[in-house]
Amino acid sequence: DALATIEANKVIRIAVPQDFPPFGTVGADMQPKGYDVDMAKLIADKMGVKLELVPVTSANRIPYLQTNKVDLVISSLGKNPDREKVIDFSAAYAPFFNGVFGPAEVAAKDAKDLSGKTVGVTRGAVEDLELTKIAPADVTIKRYEDNNGTISAFLSGQVDLIATGNVVAAAILERNPPKKPEIKFLIKNSPCFIGLNKNEPALLAKVNDIIAAARKDGALEAISQKWLGAKLPAEL
Amino acid sequence: MSDFTTWDIVRNLLLAARWTVLLSLVSFIGGSIVGALLLFIRTAKGRLGPAFVKAYVEVFQGTPLLMQLFLAFFGLGLFGIDVPAWLAAGLALILWSAAFLTEIWRGCVESVARGQWEASSSLGMGYVQQMRHVILPQALRVAIPPTVGFSVQVVKGTALTSIIGFVELSKAGTVVTNATFEPFKVYGLVALIYFCLCWPLSKSSQILERKLNVAHRNH
Amino acid sequence: MSLIEITEVKKRFGDNEVLKGINIDVAPGEVIAIIGKSGSGKSTLLRCINGLETIDEGSISVAGAQLLPDELHLKALRLKVGMIFQSFNLFPHLTAGRNVMLSQMVVKKTAKAEAEAMARRQLERVGLGHKFDAYPDQLSGGQQQRIAIARALAMQPIALLCDEITSALDPELVSEVLAVVKELAGEGMTLMMVTHEMRFARDVCSRVVFMHQGRVHEIGPPEEVFAAPKTPELKQFLGVLH
Amino acid sequence: MSLIEITEVKKRFGDNEVLKGINIDVAPGEVIAIIGKSGSGKSTLLRCINGLETIDEGSISVAGAQLLPDELHLKALRLKVGMIFQSFNLFPHLTAGRNVMLSQMVVKKTAKAEAEAMARRQLERVGLGHKFDAYPDQLSGGQQQRIAIARALAMQPIALLCDEITSALDPELVSEVLAVVKELAGEGMTLMMVTHEMRFARDVCSRVVFMHQGRVHEIGPPEEVFAAPKTPELKQFLGVLH
Amino acid sequence: MNYAFDYGWLFEYWPVLAKGLAVTVELTLVGGVLGVALGVACAWARALGPSWLRPFVAAYVELIRNTPFLIQLFFIFFGLPALGLRMGELEAANLAMVVNLGAYGCEIIRAGIQATPKGQFEAGASLGMSRIQTFWHVVLVPALQRIWPALSSQIVIVMLGSAAVSQIATEDLTFAANFIQSRTFRAFEAYFVSTLIYLALAIALRQLLRGVGWTIFPRRGAAR
Ligand SMILES: Nc1ncnc2c1ncn2[C@@H]1O[C@H](COP(=O)(O)OP(=O)(O)OP(=O)(O)O)[C@@H](O)[C@H]1O
Ligand SMILES: Nc1ncnc2c1ncn2[C@@H]1O[C@H](COP(=O)(O)OP(=O)(O)OP(=O)(O)O)[C@@H](O)[C@H]1O
Ligand SMILES: [Mg+2]
Ligand SMILES: [Mg+2]
C-alpha cells in the first residue's frame with residue numbers, strides 16, 4: 001500500500017517536468033518551479049510529509065512510476081483510454097488553456113480550417129492528444145520533443161501553426177519575435193490529471209481529497225493565477 | 001517568464017558539465033578495465049570465451065546506448081532490483097565503452113606481426129607471458145591514439161544519461177532552453193563547451209598518431 | 001642414438017597435404033641443410049618440429065621425448081630446441097640485451113643479474129657485445145639476425161632450427177650471419193637449416209635433405225647430393241640455381 | 001646521338017649529397033648495368049631519370065627533350081621511359097590484364113578493346129597470356145614482376161629503367177624474369193638496370209657502371225670492368241659478392 | 001516482477017513502427033552512401049589535396065567530430081532557415097547524417113590512404129598518370145579495402161545515432177517508439193521492441209556492408 005509507505009517514511013516522491021513551462025521549468029538556480037511543482041508541494045504539505053521532487057521527461061515519467069521510483073506523476077498528464085489501462089488518474093488538478101496559434105496572415109477559425117496546413121505540437125502533451133482527435137485527415141502534424149522544439153519550428157518557419165498553451169504563446173510574444181503567434185481558436189479545454197500506479201485506492205482517495213479541498217479553499221485558484229494567469233474554469 | 005541572465009546560463013551549463021566530466025571518467029576508466037579483461041578472453045585460444053565476447057560486442061555495439069541506459073535503470077527496476085541512477089549509468093556506460101575498447105584493442109593486438117607470437121612461442125613463453133611481455137607493449141603503443149579518440153565518443157555519449165535523470169550538459173541545455181526560449185544562445189554555448197572538452201582529446205589523439213607514424217618509419 | 005627423430009610425419013592445411021610422410025633422424029652434432037623449391041614444405045617441417053604447427057600423423061621426438069601438443073610438453077620441447085626465422089622477429093620494444101634476457105627471466109625464472117651475464121656472453125659470441133643497449137631498429141639486418149641467434153642460444157638449446165635466416169638480408173650482410181652459424185656448427189651444435197646458400201651447405205653441412213612436394217626426395221652427404229644428384233627434380237633444382 | 005643524356009647531375013636529400021655529379025650517355029639499344037654498394041645512389045639515379053625525384057643541378061634529357069619538373073613535361077617523359085621496381089608495385093585490386101590496360105586507357109585514352117588487345121599481346125610476350133584474369137596475390141613473385149614488365153611495355157616506351165627487379169624474388173624465380181629482360185635486350189630495347197646479378201650483367205649488358213658514394217667510379221664494357229677492375233673499391237665490391 | 005507486459009498495441013500501431021523503420025533505413029542508406037562519398041572527397045583533400053583547401057576541411061572535420069550530433073541537427077533544422085535555407089525534417093536529418101558521417105569517414109579513409117605504400121603512387125606516376133588519376137584508379141580502392149571494417153563500424157554507429165533525428169519530428173524508429181509510448185504509456189514494450197529492431201538492423205547492416213565489401217573489393221588480402 002503506497003499511502004502507508006509514504007506515511008511511514010514521511011516522504012513522498014513526486015515526478016515533475018522541468019522542461020515544460022509553465023507546468024515545470026527551472027529558475028536561475030536550476031530548481032524546479034511551475035504549476036506542477038506547486039501542486040506537488042501542496043500535496044506533500046497536506047499529507048504532512050517531506051517532498052522529494054524527481055525531474056522527469058515525457059519519455060521516462062511513466063517508467064519512473066511503474067518501477068516505484070516515484071509515488072505520483074504530476075506532469076500535466078492528459079487522459080486517454082489506452083493510458084488508463086496502464087496507470088490510474090486522479091481528479092483533474094489543472095486546466096489547460098490550449099489554442100492553435102499562428103501569424104496574422106494565416107486564417108484558421110476552427111479545426112476544419114487547418115486543412116492542408118502544417119501544425120507543430122509537443123509530442124505526448126495534452127494538446128497533442130486533443131489536436132490529433134479533432135484535426136482533419138489532411139493536416140500534417142509535426143510532433144517535437146519539447147516546447148522549445150515546437151516554438152523553434154514555428155519561429156524558423158518549419159510549421160505554419162502551432163498548438164500550445166496560452167502561457168507558452170505569451171512567452172514567445174514577450175520576446176517580440178518577427179513572427180507573432182496570435183490565437184486562432186481554442187482547443188477543447190482538456191484538463192490535466194495526476195498519475196499514480198494502479199491498485200492504490202487509498203493513495204488515490206487521499207490525492208482526490210486534497211485536490212477537492214484545494215479547489216474549495218482557493219489554493220488551486222492561487223496556483224492557477226500564478227502560473228496560467230487565468231481563473232480556474234468552473235467545469236474543472 | 002525567464003529570469004536567466006546570460007551569466008546564469010553559462011554558470012548552470014558549466015555546473016552541469018561537471019556531471020559530463022565525471023560520467024566520462026567513470027565510464028572510460030571502468031570501460032578500460034572491463035575491456036582489457038574481455039580482450040584477454042577474446043584473443044585467447046578456445047571457442048566459448050571468444051564467442052561470448054563476440055556476442056557481447058555485437059549486442060552492445062548494435063543497440064542504442066540510450067536503450068541500454070533505459071534498460072539498466074528501469075528494466076532492472078521492473079524486476080524489483082532498485083539500482084540507483086548513478087550505478088545504472090555507470091554500469092551501462094562502462095559495459096558500452098568496454099565493448100568498443102575491446103574491439104579497438106583487438107585490432108591493435110592483431111596488428112602485431114605474427115612473427116612476434118611465433119618467436120615468443122619458440123622461446124617457450126605461454127599465452128599470458130606473451131601478452132604481458134611481447135604483444136601488449138607493442139599493441140599499446142598503437143592503441144593509444146584510437147583509444148584517446150574513442151574517449152571523445154564517451155564524452156558525447158554521456159549526454160544520453162538524461163534518460164535516467166542526470167542533468168548533465170545536454171540536458172541542462174534543454175532545460176534552460178525551455179525556460180528561456182533562447183535556443184541559439186544556449187545550444188551554441190553547449191556546443192562550445194563540448195568542443196572545449198572534446199577537442200583537446202581528439203587533438204592529442206592526432207598528435208600521438210603522428211608521433212607513432214614517425215616512429216614507425218624509423219623501423 | 002638420434003637427437004631428433006621424425007617418423008612418418010604428415011601435415012595438412014585443409015585439403016592441401018603439405019607434408020606427405022617425412023622420415024629423418026638427426027644425430028647429435030649433425031648439421032642438416034634442407035633445400036627445395038618454394039612451397040615444398042621446408043618451413044612447415046621446421047615449424048612442426050618446433051611445435052608451431054601440430055602434426056596430423058606420425059611422430060616427432062627430441063632427445064627421446066615425444067612431441068605432444070599441450071602447453072607443458074611444448075614448453076619443455078622449446079627449451080630444448082631453438083628456432084630462428086627469416087624475418088628476425090626481434091622484439092622491437094626491447095634493446096638487444098633485453099631481447100636476449102627476456103625469455104630466460106620469464107620462462108626459466110633466471111635472476112636478472114644472471115640473465116644479463118648470459119645475454120652479454122651470447123652477444124659477445126655473435127660479435128655484438130657492444131650493441132647490448134641498441135634497439136633493433138638501430139641495427140642492420142645482419143646484426144638483427146645475429147641478435148636473434150644469441151637470443152635462441154641464451155636458452156641453451158640442444159638443437160637449433162634455422163629457416164632461411166639469410167634470405168631477408170642484403171647480399172653483403174649474408175656472410176656475417178653465416179660465419180656465426182659456421183662457428184656454432186664447429187662447436188658441435190646440432191643444426192637443421194633451410195637455406196638457399198648452396199656453397200654454405202656444401203662446406204658446412206653433414207647431410208643435405210632435398211624436399212620436393214612434401215616428401216624427402218633425396219638425402220645424403222653434400223658431396224653426393226650436389227655432385228651426383230640422382231633424380232631429375234634435384235638436377236633441375238640445382239640447375240636453376242647455378 | 002644519345003638517347004639518354006645525363007650531365008653533371010647532383011641530388012641532395014637535406015645535407016646528404018647522394019649524387020655528386022653524374023655523367024652518363026646512353027645510346028639507343030644499349031643495355032647498361034648499374035652496380036655498387038647499398039646507399040651509393042643507384043636507385044636515386046634511376047628515380048631522377050624517371051622524374052620521381054627532382055634534380056638539384058645538371059640536366060637530364062631523353063630523346064632530345066629536356067626533363068622539366070612540371071606535370072606536362074613529366075607525363076611526356078614517362079610515356080617515353082618506363083620504370084620497373086624491386087617491389088613490383090602491381091595494383092592489387094586489379095587483375096593482371098587490368099593492370100596492363102589501366103594506364104593505356106587513363107593516360108593515352110586508348111579504347112578499351114584496343115587496350116585489351118595490347119595487354120594480351122604484352123602478357124603473351126612475357127609468357128603470361130594465360131594469367132590475364134589472375135589477381136596479383138594469386139601469382140608468384142616472378143610472375144608479378146613479369147606482369148610489371150608487360151605493364152611498362154604496354155605504354156610502348158623507348159627505354160626501360162629497372163631497379164633491382166629480381167632482388168625481391170626467390171632464387172628459383174630470378175631466371176624467369178631475367179630471361180624476359182634478355183629477350184627485350186635482344187629486341188633492341190634500351191635498358192638501364194640496377195642489379196646484383198653479376199653473371200647476367202656480364203652476359204647481357206653492353207656497359208657496366210660502378211657507382212660509389214654518389215659518383216660514377218668506373219664505367220666500361222663488362223669484360224673490362226669485371227675482369228680488370230681498376231680501383232680498389234670495385235675490387236673489394238666484386239670480392240664481397242664472390 | 002508485478003508488471004504485466006502487454007503488446008496489444010502492436011496491432012494498432014504497427015504502421016507507425018513500419019514507417020519509423022522505413023525512415024531509419026532511408027536515413028542510413030542515403031547517409032551512408034553520400035556520407036562515404038563526402039568522406040572520400042574530404043580524405044583526398046586532407047591527404048593529397050591543394051594546401052589552401054586543407055585547413056577548411058580540417059576545421060569542418062574537427063567541428064563535427066567534437067560536438068554532439070543533436071546540436072548539429074538543431075543548427076541545420078532550426079538555424080539554416082535564418083539564412084534562407086529551409087528544408088523539411090527528413091532532408092535536414094539526411095543532411096545532418098551525411099555531414100556527420102562525412103567528417104568521421106574522412107578521418108578513417110585518410111588513414112587508409114596514408115597507409116598506401118609509396119610504390120603505388122610511384123608506379124602510377126611512372127606510367128604517366130596524373131596525381132588525381134593515380135588517386136582515383138590506383139589508391140582509392142585498396143585504401144577503402146584497408147579500412148572497410150572501421151568504416152563499416154562507423155556507419156553502424158551513425159545508424160544508431162540517427163535516433164536523435166526524432167527530436168526534430170523526423171518520424172524514424174525512435175520517434176515511433178516515443179510516439180507509441182506517449183499514447184499508450186507502454187514505454188517498456190515500445191522501447192524494447194525498438195531496441196530489438198535496432199539490433200536486427202545493426203546486424204543486417206553489418207552483413208550488408210560485408211557483402212558490399214566482397215563485391216567491390218575483388219580479392220581478399222589484396223591490400224595489406
Ligand atoms: N598457415 C598455412 N595455411 C595454409 N597453407 C599453408 C600455411 N602455411 C603454409 N601453407 C602451404 O603449405 C605449402 C608449403 O609451405 P612452406 O612455407 O612450408 O614452403 P617452403 O618450402 O618453406 O617454401 P618457401 O621456400 O617459399 O619458404 C605451401 O603450399 C603453402 O601455401
Ligand atoms: N627520400 C629520401 N630522403 C632522404 N634520403 C634518401 C631518400 N632516398 C634515398 N636517400 C638516401 O640516399 C642514399 C642513396 O640511396 P639509394 O636508394 O639511391 O641507394 P642505392 O644505391 O639504391 O642502395 P640499395 O642498393 O640499398 O638500393 C642513401 O644514403 C639513402 O639513405
Ligand atoms: Mg619457407
Ligand atoms: Mg636501391
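Letters go in sequence order (proteins before strands), and every chain restarts at 1.
- Residue contact with chain B, scored on non-hydrogen atoms closer than 4.5 Å, involves the side chain of E:Glu107 exclusively.
- Atom OG1 of E:Thr67 and atom CG of B:Leu197 lie 12.0 Å apart (nearest 0.5 Å).
- In this structure, the side chains of E:Ile157 and B:Phe100 come closer than 4.5 Å at one or more pairs of heavy atoms.
- Note that the OG1 atom of B:Thr63 and the CG atom of E:Leu201 stand 12.0 Å from one another [nearest 0.5 Å].
- For E:Arg86, the CZ atom counts as densely surrounded, since its 6.0 Å shell holds more than 12 non-hydrogen atoms of other residues, nucleotides or ligands.
- For chain E, no part of B:Ala159 is nearby; none of its heavy atoms comes within less than 4.5 Å.
- A heavy-atom distance below 4.5 Å is found between the side chains of E:Phe188 and B:Phe70.
- Neither the backbone nor the side chain of E:Thr174 has a heavy atom closer than 4.5 Å to any heavy atom of chain B.
- Summarising the geometry, atom OG belonging to E:Ser194 is positioned 4.0 Å from atom CE belonging to B:Met67; distances are rounded to the nearest 0.5 Å.
- Judged purely by atom type and a 3.5 angstrom limit, B:Lys156 uses its side chain to pair as donor or acceptor with the backbone of E:Arg65.
- The choice from E:Tyr198, E:Phe78, E:Phe75, E:Tyr191 that makes the most heavy-atom pairs within less than 4.5 Å of chain B is E:Tyr191.
- Dense packing is recorded around CH2 of B:Trp117, with more than 12 heavy atoms of other residues, nucleotides or ligands lying under 6.0 Å away.
- For chain B, the nearby part of E:Ile64 is the backbone; its heavy atoms alone come within less than 4.5 Å.
- Heavy atoms from other residues, nucleotides or ligands lying under 6.0 Å from CG of B:Leu48 number 12 at most.
- Remark: B:Phe195 CZ is packed, more than 12 non-hydrogen atoms of other residues, nucleotides or ligands lying under 6.0 Å away.
- With a 4.5 angstrom heavy-atom cutoff, B:Gln61 touches chain E via backbone and side-chain atoms both.
- The environment of B:Lys54 atom NZ is sparse: at most 12 non-hydrogen atoms of other residues, nucleotides or ligands sit within 6.0 angstrom.
- The neighbour count for E:Tyr7 OH, taken as heavy atoms of other residues, nucleotides or ligands under 6.0 Å away, is above 12.
- Between E:Phe74 and B:Tyr187, the ring-plane angle classifies as tilted under the 30° and 60° cut-offs.
- Minimum interatomic distance between E:Ile71 and B:Ala191 (heavy atoms only, all atoms of both residues): CG2-CB, 3.8 Å.
- Here the CD-CG distance, from B:Glu58 to E:Leu199, works out to 7.0 Å after rounding to the nearest 0.5 Å.
- In this structure, the side chains of B:Tyr194 and E:Asn66 stay at 4.5 Å or more apart for every pair of heavy atoms.
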Can you list the steps and then say if E:Glu62 with B:Gln206 is a side-chain hydrogen bond (donor to acceptor under 3.5 Å, both in side chains)?
CA-CA 11 Å; E:Glu62 294 300 327; B:Gln206 282 165 12; 2.7 Å; yes
